[in-house]
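Here's the structure we're looking at; comments come further down.
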Amino acid sequence: MEYKQRSVNCGQLRQADAGKTVVLNGWVHRIRNHGGIQFINLRDRYGITQVVVGEDAPQAVKELAEDLHMEYCIAIEGKVIARPDSMINPNMLTGEIEVEALEIQILSTSEVIPFVIDQESDAKEDTRLRYRYLDLRSQGMQERIKLRHEFIRSIRNFLSGRDFYEIETPTLIRSTPEGARDFLVPSRLQAGKFYALPQSPQLLKQILMVSGFDKYFQIARCYRDEDARGDRQLEFTQLDLEMSFVKRDDVLSLMEDLFVEVFKEVMDYTLPSTFRRLTWDEALNTYGLDKPDLRYDLHLVDVEEVVKKSSFGTFKTILEEGGSIKGIKAPFSEELHYTRKYITALEEAAKVYGAKGLAWMKVGPNRTLDGGISKFFEGVEEEVITLFDANEGDMLLFVGDAWKVTCASLGAVRIKLGKDLNLANPKEFVFCWIIDFPLFEFNEDEGHWEAAHHMFSMPQAQYLETLEEDPGSVKGDLYDLVLNGYEVASGSIRIHDVDLQKKIFKICNIEEKEAEERFGFLLNAFRYGPPPHGGIAPGIDRMVMIMSGQSSIKEVIAFPKNSAGISPMDDSPSPVDQEQLDELHLCIKE
RNA sequence: GGGGGCGUAGCGAAGCUGGUUAUCGCGACGGCCUGUCACGCCGUAGAUCGCGGGUUCGAGUCCCGUCGCUCUCGCCA
């Protein structure tokens, strides 16, 4: 079809363009028909331009204009007119001008759309995903997809400038069933055998280090067959990165430099040149979780000493049994009243993470304690108040339980308070490092130790001697990067010593034969002069989500899946033909 | 697998303790309108109230079951 191709886009024209004859291509965003005069807002990726069809317009244009409907794709040829001052629309990029239509071509028509394209679609997520092609037309989605592009481009620029090579690794790889569940791909050529989609390019990038590509990165798609969450999809994108001859701090400072530059470039946001570091122990003890939102300070307080002096038997028993008692101060608030109902809501948040209850007391006038469990603290009020740096109207909340439960429960209370008290500035971005993670955790169900992160992370030097005797105490050269309460990157210095690697396998209850089967190719590579190396992998989707102020990763992925792993647009996953199954040597179990 | 929330017209919502013909906005359709920019005004159509069963004289509303969506715990090296 012959049609007029655009000479300008819909976000471009200004007063200075007045008088020009232009062609615009775009979608009919809104029509305002006043009888004698008609306004058409024409939209494309770049903006919206007002087109006028007035009394003087050619008859053919007037007739065609009457036929237009929302989301028709059209071409307009017209003359740029400067609007008189009184008609300038300051809310539009192109509000200084309008285009007087001389010719209109309908490039394609649209059926009645299921929801109106607006700044943000107000349709339910399910509907938005079914008609994702329409949802993506909204300004909000367009902006987020653009931000994502610029974020990735800026990362590529920075790393290329630092001598990194971007190297692709296969997405059909060997299944190594640790960690998350693998997505499997049946092999046609090798009957009964399967590829797996990578949970991350972990082993391949380590092998690239053995190959001498000492600075590698990749914008890598990763696949984990686990239940989705607001910040988790079946497939997601990581900046996968690895370097040789580096120590932990080299990786951390590279990331700091990277994000300082990228945030400046794509957000015009100035980050500090280094990020705060918390050890894993500190993070849990102080904030209750390993991904604290440090935009606000609200922290947990260890109250074991004062509990010992109190008469609160329940808590004392917990201490005697090796548990942990902590508290948090909910600061006095004009807006939020600490009613019974609200305390119950906080308690519910704590219970999700295993707390049996949430004890409380109020700080009264003249440094007194009221209500709740305050009667058990007679005589030590001053100590409690000092400990929390509390003032009248503050509420003190306590959990006593196993250390992890206490931390996690109060961490959840902290997050709820932060949300309800609006403590976090949505325009602020606060990074921090969590370092010194434990290398192993004990799997109660299976009765053996397993890697807390993955099995290729280096134990810290001072634990090398006692590795096997006391795995629980071993800290690894592991680090997470946290942004506004989300884990946005995770990495470690890797093991590059075959014997040490075998020792780790053994602690994780993996027999030599089994290790050989699964990771033999890595161990083989390690026989030929592997360099010391380490890396990290920031999650692209999560970071763009946070940067764009969203709380769901789906808002920054063009075609995401829903929480059941279904793509409502193309209705995948879908059944396949018997023929396909036969070729793959598969049969479906009823 | 567990817990919370939701499901009413194409879309988004209201519908309190059960009670006539299920309401509103957007959108659609018809009409009027020469300066709007979320245009305005008049009118019209459009709903097996997710589905199945039950209680009742009477169910969108109550009960049981079921399906779907969503958030979340578990899970996510």
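Below, read A as the first sequence line, B as the second, and so on, with proteins coming before strands; counting in each chain starts at 1.
Atoms CD (A/E235) and P (B/rC76) sit 20 Å apart, rounded to a whole Å. A/E66 places its CD atom 12 Å from the P atom of B/rC29, with the value rounded to the nearest Å. Distance A/E450 CD to B/rC76 C1': 12 Å, rounded to the nearest Å. Following rounding to the nearest Å, A/D231 (CG) and B/rU70 (P) show an atom-to-atom distance of 15 Å. In this structure, the CD1 atom of A/I415 is 11 Å from the P atom of B/rU72, given to the nearest Å. In this structure, CZ of A/R229 is placed 9 Å from P of B/rC71, rounded to the nearest angstrom. Atom CG of A/L68 is separated from atom C1' of B/rA28 by 16 Å (rounded to the nearest Å). Atoms CG (A/D227) and C1' (B/rU70) sit 14 Å apart, rounded to a whole Å.
Near RNA chain B, meaning a heavy atom under 4.0 Å from it, residues 474-495 of chain A has no residue at all.
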Output one letter per nucleotide in nucleotides 34-45 of chain B: B when a protein non-hydrogen atom lies under 4.0 Å from the base, S when only the sugar-phosphate is that close, - when neither is. BBBB-B------

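Shown here, B/rG7 forms a base pair with B/rC67; the pair counts as Watson-Crick or G-U wobble because both key distances fall under 3.5 Å. Under the Watson-Crick and G-U wobble criteria, each requiring two contacts below 3.5 Å, nucleotide B/rU55 is left unpaired. When Watson-Crick and G-U wobble pairs are counted only if both distances are under 3.5 Å, B/rC41 pairs with B/rG31.
Contact annotation for A/Y353: backbone-only contact, meaning every heavy-atom pair under 4.0 Å involves sugar-phosphate atoms and none involves a base. Within the nucleic acid shown, A/L129 has no heavy atom closer than 4.0 Å to any nucleic acid atom.
B/rC49 and B/rC24 are spaced 16 Å apart, taking the C1' atom of each and rounding to whole Å. For the C1' atom pair drawn from B/rC71 and B/rC75, the interatomic distance equals 16 Å after rounding to whole Å. Rounded to the nearest Å, the gap between the C1' atom of B/rG58 and that of B/rA45 is 30 Å. Here, B/rG43 and B/rC33 have their C1' atoms 15 Å apart, quoted to the whole Å. B/rU17 and B/rC62: their P atoms are spaced 7 Å apart (whole Å). Here the separation of B/rG7 from B/rU48, taken at their C1' atoms, is 16 Å to the nearest Å. If you take atom C1' in B/rA47 and the same atom in B/rU66, they sit 22 Å apart, rounded to whole Å. Annotation: B/rG35 and B/rU21 have their P atoms spaced 45 Å apart (nearest Å).
For A/K554 and B/rC71, the shortest distance from a side-chain N or O to OP1 or OP2 is below 4.0 Å.
For A/R232 against B/rC75, a side-chain N or O and a base N or O form a donor-acceptor pair under 3.5 Å. For A/D126 and B/rG68, a side-chain-to-base donor-acceptor distance below 3.5 Å is absent, hydrogens and geometry of angles not being considered.
Map A/M70 and A/A452 each onto its nearest nucleotide of RNA chain B; the residue landing nearer the 5' end is A/M70. Between A/G179 and A/V352, the residue anchored nearer the 5' end of RNA chain B, judged by the nucleotide with its closest heavy atom, is A/V352.
With A/Q38 contributing its side chain and A/V52 its backbone, the two residues share no donor-acceptor pair below 3.5 Å. Between the side chain of A/E96 and the backbone N or O of A/Q15 there is at least one donor-acceptor pair closer than 3.5 Å.
We find that A/D436 and A/K475 are not joined by a salt bridge, their nearest charged nitrogen and carboxylate oxygen being 4.0 Å or further apart. The residues A/E235 and A/R221 are annotated as salt-bridged, a charged nitrogen and a carboxylate oxygen being separated by less than 4.0 angstrom. In this structure, A/D401 pairs ionically with A/K356, as a charged nitrogen and a carboxylate oxygen lie closer than 4.0 Å. Using a 4.0 Å cut-off between charged nitrogen and carboxylate oxygen, A/R43 and A/E71 count as a salt-bridge pair.
Legend: residues meeting ring-ring contact (aromatic ring centres under 6.0 Å, His included) with A/H448, ordered by chain and number and at least two apart, are absent. In this structure A/D182 satisfies the salt bridge (Lys or Arg N to Asp or Glu O under 4.0 Å) test with no other residue, sequence neighbours excluded.
Within the structure, the ring pair (Phe, Tyr, Trp, His ring centres under 6.0 Å) test picks out no pair touching residues 482-501 of chain A (sequence neighbours left out).
Between A/Y46 and A/C10, every side-chain heavy-atom pair lies at or beyond the 4.5 Å cut-off.
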Audit row: A/T171, A/Y195, side chain to side chain contact (heavy atoms under 4.5 Å, CB included) steps and yes/no: CA-CA 9 Å; A/T171 50; A/Y195 302 100; over 6 Å; no

Please produce a list of atom pairs where a protein N or O lies less than 3.5 Å from an N or O of nucleotides 10-12 of chain B.
{"residue": "B/rG10", "atom": "O2'", "partner": "A/P114", "partner atom": "O", "Å": "3.4"}
{"residue": "B/rC11", "atom": "O4'", "partner": "A/P114", "partner atom": "O", "Å": "2.6"}
{"residue": "B/rG12", "atom": "OP1", "partner": "A/K124", "partner atom": "N", "Å": "3.1"}

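Between A/F437 and A/W280, the ring planes lie tilted relative to each other; the angle falls in the 30° to 60° range. Between A/Y133 and A/Y131, the ring-plane angle classifies as perpendicular under the 30° and 60° cut-offs.
For NZ of A/K506, the number of neighbouring non-hydrogen atoms (other residues, nucleotides, ligands) closer than 6.0 Å is 12 at most.
Between B/rG74, B/rG27, B/rC69, one nucleotide has an atom nearer to the side chain of A/N562 than all others, and that is B/rC69.
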